[in-house]
Number of protein chains: 2
Amino acid sequence: MNKENNLSKNQQIVFDIIEKSREPVKAYSILFNVKKKGIKAPPQVYRALEKLIKLGKIHKVESKNAFVACKSSNCEISKATAFSICETCEKVTEISDKKLSKYLKNFHDKTGMIYKKYNLEFYGLCTTCKRS
Amino acid sequence: MNKENNLSKNQQIVFDIIEKSREPVKAYSILFNVKKKGIKAPPQVYRALEKLIKLGKIHKVESKNAFVACKSSNCEISKATAFSICETCEKVTEISDKKLSKYLKNFHDKTGMIYKKYNLEFYGLCTTCKRS
DNA sequence: TTTCAAATGTTATATTATTACATACTGTTA
DNA sequence: TAACAGTATGTAATAATATAACATTTGAAA
């Protein structure tokens, strides 16, 4: 364990890759990038990813099978995620909107189900792609 | 093409499987089930799925890599999906809530991005699993 | 210093999805 | 009706994503 932040060696290596990236990173892209650091096999990456998600340090963008560092509530355990995804340039941005998260956290359906977590992915055209 | 509903042979076969199922169906489970009907290879299934999604007849539950028939706005093209997923029994239900969909359709983030589509997946405990 | 949970290393394999290319069907319109 | 365009199909191969299973090591705390 790394004392400062509670991450183990592999977890830190994987997290660093994701954090530095400006876009969602795929598991096998991570794997490729950490071969030089001694991580050789998929389970090592997937285990680190799983732990990082549990810790709220990263999120999985489900519709892209890719991972991003949590920007909105850094280092807190986050079970509420929202992303905007540009269908043209593929840019993914985490949305942190108090009203939206409040609305969704308080949402109840008719059945009385208890929601502990949600993931919302918007698709559309980002402002850059809109212009062109 | 099947005149009644615009689906081709393979599309109809795949749709029937999904429609009859009470739970989300995975692509390879579909493939296995339609081998007897002459569909033998993944691309045949994936192509049908793709078309059915375009038509709004089915949705993909992204976090499960599985497909469900659209119950809420039958046969209309649907770009706005919301599901509730029980973490215990894995039951997936499509949420059709006018207020929720209105809220999300009208949602704008700070960047001015135009949203054309969204997918929302809630996780939690269904009423049955809550009791036990 | 034993002990236990967490983390790691490794091989193999399962699961999900796409590429690429050849062929056939369907409806339109010249 | 012949030609065309668009859509759908069949097929083989392979790419991409993810997990199972098992042995071993590490780290913190009792």
Side-chain angles (χ1 to χ4, degrees), chain A residues 1-18 21 23-68 77 90 92 119 121, chain B residues 1-18 21 23-68 77 90 92 119 121:
Chain A
M1 284 291 197
N2 176 334
K3 292 285 170 50
E4 281 175 48
N5 54 19
N6 257 6
L7 297 184
S8 73
K9 177 174 136 280
N10 287 1
Q11 288 157 18
Q12 188 67 56
I13 291 170
V14 168
F15 181 66
D16 286 346
I17 298 270
I18 298 172
S21 170
E23 53 196 22
V25 201
K26 306 211 151 214
Y28 275 73
S29 150
I30 294 169
L31 179 57
F32 179 82
N33 279 289
V34 297
K35 284 252 163 95
K36 47 200 146 190
K37 304 218 174 190
I39 296 181
K40 293 176 196 156
Q44 296 174 291
V45 171
Y46 280 100
R47 285 192 292 232
L49 289 171
E50 187 182 19
K51 190 63 193 283
L52 291 167
I53 288 170
K54 230 175 228 155
L55 294 172
K57 313 265 310 171
I58 65 169
H59 307 303
K60 181 171 187 181
V61 182
E62 293 287 354
S63 62
K64 287 189 138 355
N65 297 316
F67 304 85
V68 292
I77 292 171
E90 304 264 292
V92 175
N119 178 58
E121 296 176 14
Chain B
M1 283 293 197
N2 176 332
K3 293 286 168 54
E4 281 176 49
N5 54 19
N6 256 7
L7 297 183
S8 73
K9 176 174 137 278
N10 287 0
Q11 288 158 17
Q12 188 67 55
I13 291 170
V14 169
F15 181 65
D16 287 346
I17 299 271
I18 297 172
S21 171
E23 52 196 22
V25 200
K26 305 211 152 216
Y28 275 73
S29 150
I30 294 169
L31 179 57
F32 179 82
N33 279 290
V34 297
K35 285 252 163 95
K36 47 201 143 186
K37 305 219 173 187
I39 295 180
K40 292 176 196 157
Q44 297 174 291
V45 172
Y46 281 101
R47 285 191 294 231
L49 290 171
E50 189 182 18
K51 188 63 191 280
L52 290 167
I53 287 170
K54 231 173 228 157
L55 294 172
K57 313 265 309 174
I58 65 169
H59 306 304
K60 180 171 187 181
V61 182
E62 293 287 353
S63 63
K64 289 190 138 355
N65 297 316
F67 304 85
V68 292
I77 292 171
E90 305 265 291
V92 175
N119 178 59
E121 294 174 14

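Sequence lines set the chain letters: A, B, ... in the order given, protein chains first and strands last, and positions in each chain run from 1.
Taking atom CG on B/N6 and atom C1' on D/dT7, their separation rounds to 12 Å, with Å as the unit. Rounded to whole Å, the distance from CG on B/L52 to C1' on D/dT7 is 14 Å. Remark: C1' of C/dT15 and CD of B/E62 are 16 Å apart, rounded to the nearest angstrom. Distance, B/L49 CG to C/dA17 C1': 11 Å, rounded to whole Å. For the pair A/E50 CD and D/dT17 P, the computed distance is 18 Å after rounding to whole Å.
The closest donor-acceptor contact from the side chain of B/E121 to the backbone of B/E62 lies under 3.5 Å.
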> Passes side-chain contact (heavy atoms from CB on, under 4.5 Å), B/L31 versus B/K26? Steps please.
Replying inline: CA-CA 9 Å; B/L31 179 57; B/K26 305 211 152 216; over 6 Å; no
>> I'd like to know whether A/N10 forms a side-chain contact (heavy atoms from CB on, under 4.5 Å) with A/R47, so could you lay out the CA-CA distance, the side-chain angles of the two residues, the decisive distance to 0.1 Å, and finally the verdict.
In response: CA-CA 9 Å; A/N10 287 1; A/R47 285 192 292 232; over 6 Å; no
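Axis angle across the helix from C/dT1-D/dA30 to C/dA30-D/dT1, with five pairs used at each end and values rounded to 10°: 30°.
Shown here for A/Y28 and A/P42, the closest heavy-atom pair between the two residues is OH-CG, 3.3 Å. Closest non-hydrogen pair, B/K40 versus B/K35, comes out as O-CE, 3.5 Å. Of all heavy-atom pairs between B/V14 and B/A48, the closest is CG2-CB, 3.7 Å. Heavy atoms only, all atoms of each residue included: A/K57 and A/F15 are closest at O-CE1, 3.5 Å.
Under the side-chain contact (heavy atoms from CB on, under 4.5 Å) rule, B/K37 has a single partner from B/I13, B/I17, B/D16, which is B/I13.
Side chains of B/I30 and B/L49 form a contact here, defined as non-hydrogen atoms less than 4.5 Å apart. In this structure, A/L55 and A/L7 have side chains that are in contact, with non-hydrogen atoms separated by less than 4.5 Å. Between A/E23 and A/E90 the shortest side-chain heavy-atom distance does not fall below 4.5 Å.
Between B/N65 and C/dA17 there is a side-chain polar atom (N or O) within less than 4.0 angstrom of OP1 or OP2. An OP1 or OP2 oxygen of D/dA18 is reached within less than 4.0 angstrom by a side-chain nitrogen or oxygen of A/Y46.
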For nucleotides 8-10 of chain C, print each protein N/O atom paired with a nucleotide N/O atom at under 3.5 Å, atom names and distance only.
{"from": "C/dT8", "atom 1": "OP1", "to": "A/S8", "atom 2": "OG", "distance (Å)": "2.9"}
{"from": "C/dT8", "atom 1": "OP1", "to": "A/K9", "atom 2": "N", "distance (Å)": "3.4"}
{"from": "C/dT8", "atom 1": "OP1", "to": "A/N10", "atom 2": "N", "distance (Å)": "3.0"}
{"from": "C/dT8", "atom 1": "OP2", "to": "A/S8", "atom 2": "OG", "distance (Å)": "3.3"}
{"from": "C/dG9", "atom 1": "OP2", "to": "A/N10", "atom 2": "ND2", "distance (Å)": "3.0"}
{"from": "C/dG9", "atom 1": "OP2", "to": "A/Q44", "atom 2": "NE2", "distance (Å)": "2.6"}
{"from": "C/dG9", "atom 1": "O5'", "to": "A/Q44", "atom 2": "NE2", "distance (Å)": "3.4"}
{"from": "C/dG9", "atom 1": "N7", "to": "A/R47", "atom 2": "NH2", "distance (Å)": "2.6"}
{"from": "C/dG9", "atom 1": "O6", "to": "A/R47", "atom 2": "NH1", "distance (Å)": "2.9"}
{"from": "C/dT10", "atom 1": "OP2", "to": "A/K40", "atom 2": "NZ", "distance (Å)": "3.2"}

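Taking every heavy atom of residues 25-37 of chain A and every atom of DNA chain D, pairs under 4.0 Å involve A/K26, A/Y28, by number.
Heavy atoms of A/K60 sit under 4.0 angstrom from primed sugar atoms or phosphate atoms, though from no base atom.
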